[in-house]
Amino acid sequence: MSETRRKLTTIFCADVQDYTRLMGADEEGTLASLKRCREAMGRLIESHGGRVVNTWGDGLIADFPSVVEAVRAAVDTQNELAGFNADRPADGRMLFRIGINLGDVIVEGDDIYGDGVNIAARLQTSAAAGGIVISSTVYDQVRNKVAVGFEFLGSLMVKNVDEGVPSYAVKIGDARDETPSAERSGPARPQPQPAPVMAAAKAETTPAPGGQQRLYGVLGVIAAVLIGINLLSWQGVFWARFPVLALAVVAALAWNRDQILFNRKITLLAILALGLAGINLFAWTGQFWAMWPILGIAAVMGVRWSMRR
């Protein structure tokens, strides 16, 4: 059995922008370019005291004992790869996105797991092609020690992490100055089955849109059936409104479980408030009693929002 322990380390996560498109256009050429870029990246990582933990498909994860050296390795990597891409056509360039986080991880054998890896992977998916995004824990350590600029991107919501993760884009050149955003990263593209460390990172950071859409479809069918039964057996009462409202709340909770745009706890309170308002309106007796619990929920939401870092 491999020994399991914890350590504080700097996690470096990288993958290729538009890898599926590149493979579709030229499999052999893309694989040759990937091998060349990955060899250069591995060499630079080792030269800065880092260790390649795992590679998978077009991705790579490394860890560093030094936060400063991790960022320097990322900058050197992007600069060297920019030279590699300089003479290539625009639609054939192999552009990596890099995310870096300083965090506590679980070490098992040669692999690392945990929220520290999860956050690094999420930062990577939020980087622009050819860019680098770092967490605030990394920024605090390197802001006066690395000769690059930084741009604050705000708090990035990460699945299974309650609070947003303040993040920064590393400014390393005009071609890579584009401000990254979670929305621009697009839907997850098909990938080969990852090795354990990459599986942990990707599974925790990428929602499963197919499963969520199936759930919405099932809930929609149930709601339609209930409404149909109510109408076909009409006795002057639209009783289906309450179970349909319950199904809508379930759908909203499912959406909130995987969304990354807003604080999940605050959004949960908002869903609860809307559910109470719906119950009040559907069972209207001339009094809007829901305003008092909604006011209480609004107060809790305001307190949580004001306490966010």
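For the single chain, residues carry numbers from 1 onward in sequence order.
- The OG1 atom of Thr30 sits 6.0 Å away from the CE atom of Met23 when rounded to the nearest 0.5 Å.
- Under the ring-ring contact (aromatic ring centres under 6.0 Å, His included) criterion, Phe238 pairs with no residue at all, not counting sequence neighbours.
- Contact record, Met94 with Cys37: SD-SG, 4.0 Å, taken as the closest heavy-atom pair.
- Here the side chains of Asn118 and Tyr113 are not in contact, with every heavy-atom distance at 4.5 Å or above.
- Annotation: the span from Thr10 atom OG1 to Asn101 atom CG amounts to 8.5 Å, rounded to 0.5 Å.
- Here Leu102 contributes atom CG and Ile119 contributes atom CD1; the two are 10.0 Å apart, rounded to the nearest 0.5 Å.
- The closest donor-acceptor contact from the side chain of Arg38 to the backbone of Gly59 lies under 3.5 Å.
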Does Tyr139 form a side-chain contact (heavy atoms from CB on, under 4.5 Å) with Val67? I'd like the steps, not just the answer. CA-CA 9 Å; Tyr139 172 78; Val67 187; over 6 Å; no

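- Looking at every heavy atom in both residues, Thr125 comes nearest to Arg97 through O-NH1, 3.7 Å.
- When hydrophobic clusters are built by joining Ile, Leu, Val, Met, Phe, Trp and Tyr residues whose side-chain heavy atoms come closer than 4.5 Å, directly or via intermediates, Trp284 is not grouped with Val244.
- In Asp140, the CG atom is crowded: over 12 heavy atoms of neighbouring residues, nucleotides or ligands sit closer than 6.0 Å.
- Under a hydrophobic-cluster definition in which Ile, Leu, Val, Met, Phe, Trp and Tyr are linked whenever side-chain heavy atoms come within less than 4.5 Å, directly or via other members, Val52 and Ile98 are assigned to the same cluster.
- Follow the hydrophobic side-chain contacts under 4.5 Å out from Val221 and you reach Ile229 in the same cluster.
- Using cut-offs of 30° and 60° for the angle between ring planes, the Phe150 and Tyr168 rings count as perpendicular.
- The distance from the SG atom of Cys13 to the CD1 atom of Ile100 is 10.0 Å, given to the nearest 0.5 Å.
- For the residue pair Val105 and Gly116, the shortest heavy atom distance occurs at CG1-CA, 4.2 Å.
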Do Ser47 and Arg43 pass the side chain to side chain donor-acceptor pair (under 3.5 Å) test, and can you show the C-alpha distance, the side-chain angles, and the key distance before you say yes or no? CA-CA 6 Å; Ser47 70; Arg43 170 175 49 80; over 6 Å; no

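- For Ile11 against Ala120, the heavy-atom pair with the smallest separation is CG2-CB, 3.7 Å.
- The closest side-chain heavy-atom distance from Leu274 to Ile294 is not below 4.5 Å.
- In this structure, Asn280 contributes its side chain and Gln287 its backbone to a donor-acceptor pair below 3.5 Å.
- Tested against Val170, the residues Ile134, Val142, Val146 include a single side-chain contact (heavy atoms from CB on, under 4.5 Å) partner, Ile134.
- Side-chain heavy atoms closer than 4.5 Å link hydrophobic residues (I, L, V, M, F, W, Y) into clusters, and following such links, possibly through other members, connects Val225 to Leu219.
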From CA spacing to verdict: side-chain contact (heavy atoms from CB on, under 4.5 Å), Phe96, Asp58: CA-CA 9 Å; Phe96 278 78; Asp58 62 323; 5.9 Å; no

Determine, step by step, whether Val165 and Arg122 satisfy the side-chain contact (heavy atoms from CB on, under 4.5 Å) criterion, reporting the C-alpha distance in whole Å, the side-chain angles of both residues, the deciding distance to 0.1 Å, and the verdict. CA-CA 10 Å; Val165 178; Arg122 186 66 185 87; over 6 Å; no

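- Within the 3.5 Å criterion, the main-chain N or O of Gly29 finds a donor-acceptor partner in the side chain of Asp26.
- A salt bridge is defined here as a Lys NZ or Arg NE, NH1 or NH2 lying under 4.0 Å from an Asp or Glu carboxylate O, and Lys7 with Asp63 meets this definition.
- Legend: residues meeting side-chain contact (heavy atoms from CB on, under 4.5 Å) with Phe242, ordered by chain and number and at least two apart, are Phe282, Ala283.
- With hydrogens and angles ignored, the 3.5 Å screen pairs a side-chain donor or acceptor of Arg51 with a backbone N or O of Asp110.
- Across every non-hydrogen atom of Met41 and Phe12, the tightest pair is SD-CE2, 4.0 Å.
- Considering only heavy atoms from C-beta on, Arg72 comes within 4.5 Å of Val68 through its side chain.
- Checking Arg36 against Ser33 by side-chain atom types alone, no donor-acceptor pair falls below 3.5 Å.
- Looking at heavy atoms from C-beta onward, Asn54 lies out of side-chain contact with Leu60 at the 4.5 angstrom threshold.
- Here the CG-CZ distance, from Leu95 to Phe84, works out to 10.0 Å after rounding to the nearest 0.5 Å.
- How far CD1 of Ile61 is from OG1 of Thr55: 10.5 Å, rounded to the nearest 0.5 Å.
- Under a 3.5 Å cut-off, the side chain of Asn230 and the backbone N or O of Leu226 do not form any donor-acceptor pair.
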Test Ile106 against Ile112 for side-chain contact (heavy atoms from CB on, under 4.5 Å), laying out the working first. CA-CA 5 Å; Ile106 297 172; Ile112 55 177; over 6 Å; no

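- Closest approach of Ser167 and Val133 over heavy atoms only: CB-CG1, 3.9 Å.
- Note on Ile222: it clusters hydrophobically with Leu215, by side-chain heavy-atom contacts below 4.5 Å among ILVMFWY residues.
- Within a 6.0 Å radius of CH2 in Trp234, more than 12 heavy atoms belonging to other residues, nucleotides or ligands are found.
- For Glu151 (side chain) and Ala169 (main-chain N/O), no donor-acceptor pair under 3.5 Å exists by modelled atom type.
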